[in-house]
Amino acid sequence: DLVELIEKTSEMVAVVAHDKGLELACQIMTDVPRDLVGDPHRLRQILLNLMGNALKFTMAGEVVLRVQLDGSVPPHQGGESVALLFSVSDTGIGIPADKLDAIFESFTQADSSTTRQYGGTGLGLTISKRLVDLMGGHIWVTSTVGQGSTFSFTAQFQVQENPKPHALVPPAELRGMKALVVDNSATNRMILKELLTAWGMQVDEVPNGIEGLAELARAQEAGDPYRLVLLDCRMPEMDGFQVAERLRASPDLVGVTVMMLTSDSRVGDRTRSEELGMAGYLVKPVKRSELFDALAAAVGKSHAPVLVPASEVGPAPAKDQRALRILLVEDSPDNRLLVKSYLKGTPHHLDLADDGAIAVEKFRANGFDLVLMDMQMPVVDGYAATRAIRQWEKEMGRPPTPIIALTAHALKGDEEKSLEAGCTAHLSKPLKKATLLNAIQEYGMSMT
């Protein structure tokens, strides 16, 4: 499911974007087939490499992932192959023209000082190139120093012969409804306008709150008012909350339905949105289904619920749940941020170690209720660290602490290798929030 893969991949890096104050947007063209046959894990790996690099080298502005048909290939039919064009654009530091040809070579970055300032080796681009080649495509980059870069690649897939029904049938109330998108990001305005138009709505867009208020007043006076406003929370000069307060204070505009979209969910923002009477509060990049559900609920016609597998549902909070002391052993800053975001709002206390040697030292000094152990790390890997912890527990006469292995591999042999090293359980990356919380409750609470 291409849409699901793109949205979940974006969710994984959204924490980094939000922490840096960057806009993160995803656009999948409407004519791109959703149900494909291919390798989702390797496609995700390429996208994470490119999006991770884009976020790393961008200090302000936006990172945008786009997916469209490769125009050089004939239209697709069920069961036939389709060529897709993926691009990741940023407004970052850019790459000098004389370095572009070598950027996909092993351990090559545009400048040695880049490694010192930003970290990394550039090996991710080399791996991405090899994977793209194996997918029957090619990868390239265009860039302007000081303005940003666009990494693009093509890949071949099969179109599933019997695709699942994904159509989101909008309530009759949405058809023809006038909507106004207020967002300083032209990319976000374009993406939202495309989605809403596909659901039968009449959509206009403006780049700031002042023009938004003026357009709302103009339409009201003309006797053709807007019924829905999608409002960006973070805008210069006048932010989304200021616009909402002005709307609430204007008697002529009180009836309009307002939904807030934010690129970083700050403490208290959701409550403030509710106090201002907003119909929804969504965090970017907004998932199609979440936006659709919020719109349907706002007009009082929520569509039929969809049953999801138990593994997708987060655990119900245990009545006797207590705060666990959890040690996360992970060398990737992005993955550390992701786990921290997943545990936000839980009572658990998280400590960090970025390699196995530090993890063993911290475990011996402090003791923990649960360990989340990345197995692939430099210096001392997760297998060696787990064995060292188990040996120390044995010497001290302590019961084994639950250690959950985290690996980028989903092969049966990798799980067995983790368990042989002494791990209690094994989870494959990319981690889903519900899966992690379920595992913490199952293994952490069983030991308390």
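From a predicted model like this one, the values you see are computed outputs, not experimental measurements.
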Original post:
Taking NZ, NE, NH1 and NH2 as the nitrogens, is one of them in Lys8 or Asp1 under 4.0 Å from a carboxylate oxygen of the other?
Top reply: no
Side-chain donor-acceptor contacts of residues 244-251 below 3.5 Å, not counting sequence neighbours, with atom names and distances?
unit_1	atom_1	unit_2	atom_2	d
Glu245	OE2	Arg272	NH2	3.1
Arg248	NH1	Glu275	O	3.1

Original post:
Among side-chain atoms of Asn208 and Glu237, is any donor-acceptor pair under 3.5 angstrom?
Top reply: no
Original post:
So which pairs with a foot in residues 204-223 pass ring-ring contact (aromatic ring centres under 6.0 Å, His included), sequence neighbours left out?
Top reply: none
**OP:** Would you mind listing every ring-ring contact (aromatic ring centres under 6.0 Å, His included) that reaches into residues 219-253, with sequence neighbours excluded?
**Re:** none
Subject >> Non-neighbouring partners of Ser273 that pass side chain to side chain donor-acceptor pair (under 3.5 Å), sequence neighbours left out >> reply: none
Subject >> Atom of Ser89, atom of Arg66 and distance for their closest heavy-atom approach >> reply: OG-NH1, 4.2 Å
Original post:
Is it true that Arg234 and Asp239 make a salt bridge, defined as a side-chain N closer than 4.0 Å to a carboxylate O?
Top reply: no
**OP:** Could you pull out the closest heavy-atom pair between Ser128 and Ile139, with the gap in Å?
**Re:** CB-CD1, 4.4 Å
Subject >> Non-neighbouring partners of Asp204 that pass salt bridge (charged side-chain N to carboxylate O under 4.0 Å, His left out), sequence neighbours left out >> reply: none
Original post:
For Val32 and Leu84, which heavy atoms make the closest approach, and how far apart are they?
Top reply: CG1-CD2, 3.9 Å
Original post:
Can a donor-acceptor pair be found between the side chains of Ser149 and Ser143 at a distance below 3.5 Å?
Top reply: yes
Original post:
Who passes side chain to side chain donor-acceptor pair (under 3.5 Å) against Asp331, sequence neighbours left out?
Top reply: none
Subject >> Residues that Arg189 engages under salt bridge (charged side-chain N to carboxylate O under 4.0 Å, His left out), provided they are two or more places apart >> reply: Glu205
Subject >> NZ (Lys287) with more than 12 external heavy atoms under 6.0 Å >> reply: yes
Subject >> Within residues 170-216 or reaching into it, pairs that qualify as ring-ring contact (aromatic ring centres under 6.0 Å, His included) - sequence neighbours excluded >> reply: Trp199-Phe292
Subject >> By ring pair (Phe, Tyr, Trp, His ring centres under 6.0 Å) - contacts of His349 (at least two apart) >> reply: none
Subject >> Set of residues satisfying side chain to side chain donor-acceptor pair (under 3.5 Å) with respect to Asp374, sequence neighbours excluded >> reply: Lys429
Subject >> Partners meeting salt bridge (charged side-chain N to carboxylate O under 4.0 Å, His left out) with Asp19 (sequence neighbours left out) >> reply: none
**OP:** State which residues pass side chain to side chain donor-acceptor pair (under 3.5 Å) with Asp354; sequence neighbours excluded, sorted by chain then number.
**Re:** none
**OP:** Could you give me the CA-CA distance, side-chain angles and deciding distance for Glu330 and Leu372, then say whether side chain to side chain contact (heavy atoms under 4.5 Å, CB included) is met?
**Re:** CA-CA 8 Å; Glu330 172 63 74; Leu372 301 173; over 6 Å; no
Original post:
Which class fits the ring pair Phe151 and Phe104: parallel under 30°, tilted 30 to 60°, perpendicular over 60°?
Top reply: perpendicular
Original post:
What's the shortest heavy-atom distance between Thr91 and Ala60, and which atoms?
Top reply: OG1-O, 2.8 Å
**OP:** Inspect the contact between Asp351 and Lys362 and indicate whether a charged nitrogen and a carboxylate oxygen are less than 4.0 angstrom apart.
**Re:** yes
